[in-house]
2 protein chains.
Amino acid sequence: MARPDHRRLILETLQKQEQPISAQALFAQLRQQGQTIGLATVYRILSHLRREGLLCCHGQPEGEILYSLAEHHYHYLTCIRCRRMIRLPACPWQEWEKTLKFPEPFQVLYHELQLFGLCHLCQGLPKEVGGSKTPLQ
Amino acid sequence: MARPDHRRLILETLQKQEQPISAQALFAQLRQQGQTIGLATVYRILSHLRREGLLCCHGQPEGEILYSLAEHHYHYLTCIRCRRMIRLPACPWQEWEKTLKFPEPFQVLYHELQLFGLCHLCQGLPKEVGGSKTPLQ
DNA sequence: AATTGAGCGAGAACGATTATCATTATCTTG
DNA sequence: CAAGATAATGATAATCGTTCTCGCTCAATT
């Protein structure tokens, strides 16, 4: 049987995502599409893409890592209530970089900016009672 | 026997740290000091402090979560080679916030900025060969 | 056809975190 | 001060995301 091109598969799936996605969720999504792919392969390929600089990794305060393609480098507003991630239109880093002073020489290779808070849908809602999901930061 | 004030103990230990510290490392440090404290208690108290907004949580790209006191809110330059974290003198967020435009109304409650790269000590060194530690993002 | 090597999937192993539970200290109330 | 209620604790088990291991398969090469 011909071997499916898993790397392309994962790249295409990442391209479709509107939000960064976890490795587990990516795996589940591929399986639901009927693909026969192993979890190990997903991690393997993500690791490759990572080393090639094709991926942005967003380490969440809860420990999970979310991935998105680096071809368009984005930052997100993350709602701590509904977990929605809203993409910022542009990365402000290049502007900001000029104004920053480092305490010692340092070569910045990449950066991560995450903004947490309440989206407009969740701002009016009453406070969560049960405390089910992982809370804030 | 009188119950030790673990909460204060953890707060004081966090205060002494020059860099954000993981829960496991915090636990080990307390035990080495001769304290009889359980790992579960460390996590419990960290979780409390977190909900009270006393802690900054730095989710690393490798999944581990590092903690630091929020009383002085800092950002760090993280060297991807030696893992050293260098504190920035000030948080530039309040200045930057003015220049950002959100695609929809959003109430920012807290933020995280991490800069990854090479510190001045590691810039001149030859490239790592073995690839032992977890690499870059 | 035989050989070699890279990629694969299933499951074990691992590390960080969270949940469970019996025990114990502290607090309340009488 | 006694007695029951409450909250905190530590050891351990369970969970979850990630990485490792290993036998297998496919494809290129000889």
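Proteins come first, then strands; the chains are lettered A, B, ... in the order of their sequence lines, and each starts at number 1. As the structure is a prediction and not an experimental result, all values here were calculated from the model.
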Student: Of the non-hydrogen atoms in B:H75 and B:C91, which two are nearest, and what is the gap between them?
Tutor: NE2-SG, 3.4 Å
Student: In residues 13-26 of chain A, which ones come under 4.0 Å of DNA chain D, going by heavy atoms?
Tutor: A:A23, A:Q24
Student: To the nearest Å, give me how far apart CG (B:L46) and P (D:dT9) are.
Tutor: 13 Å
Student: Between B:I37 and B:F27, what is the shortest heavy-atom contact and its length?
Tutor: O-CE1, 3.2 Å
Student: Please find the pair of heavy atoms, one from B:T36 and one from B:H6, that lie closest to each other, and give the distance.
Tutor: O-NE2, 3.7 Å
Student: Between atom CG in B:L49 and atom C1' in C:dT17, what is the gap in whole Å?
Tutor: 16 Å
Student: Of B:Q19, B:E18, B:H58, B:Q17, which meets side-chain hydrogen bond (donor to acceptor under 3.5 Å, both in side chains) against B:S68?
Tutor: B:H58
Student: Any chance you could list the contact pattern along nucleotides 8-14 of chain C? Use B for base contacts, S for sugar-phosphate-only contacts and - for none, protein heavy atoms under 4.0 Å, 5' to 3'.
Tutor: BBBB---
Student: What residues, two or more places apart in sequence or in another chain, satisfy side-chain contact (heavy atoms from CB on, under 4.5 Å) together with A:S22?
Tutor: A:Q24, A:A25, A:E64, A:L66
Student: Do the side chains of B:L113 and A:F116 join up, straight or via other hydrophobic residues, at under 4.5 Å, putting them in one cluster?
Tutor: no
Student: Would you kindly give the CD-to-C1' distance between A:E64 and C:dT18, to the nearest whole Å?
Tutor: 15 Å
Student: Using every non-hydrogen atom in the two residues, find where B:A23 and B:V42 come nearest and quote the distance to one decimal.
Tutor: O-CG1, 3.9 Å
Student: Which dot-bracket string describes DNA chain D (Watson-Crick N1-N3 plus N6-O4 or O6-N4, or G-U N1-O2 and O6-N3, all under 3.5 Å; [ ] crossing; | other strand)?
Tutor: ||||||||||||||||||||||||||||||
Student: Got a sec, which residues hit side-chain contact (heavy atoms from CB on, under 4.5 Å) with A:Q107, two or more places apart in sequence or on another chain?
Tutor: A:L109, B:L118, B:Q123
Student: Could I get the full list of side-chain contact (heavy atoms from CB on, under 4.5 Å) partners for A:P103, not counting sequence neighbours?
Tutor: B:L77, B:I86, B:L88, B:P89
Student: With no hydrogens and no angle check, is any side-chain donor or acceptor of A:T13 less than 3.5 Å from a backbone partner on A:L9?
Tutor: yes
Student: So does B:Y43 get a side-chain nitrogen or oxygen closer than 4.0 Å to the phosphate oxygens (OP1/OP2) of C:dT18?
Tutor: no
Student: Looking only at heavy atoms, what is the nearest atom pair of A:T99 and B:W96, with distance?
Tutor: OG1-NE1, 3.5 Å
Student: May I have the distance from B:I10 (atom CD1) to D:dG10 (atom C1'), rounded to whole angstrom?
Tutor: 13 Å
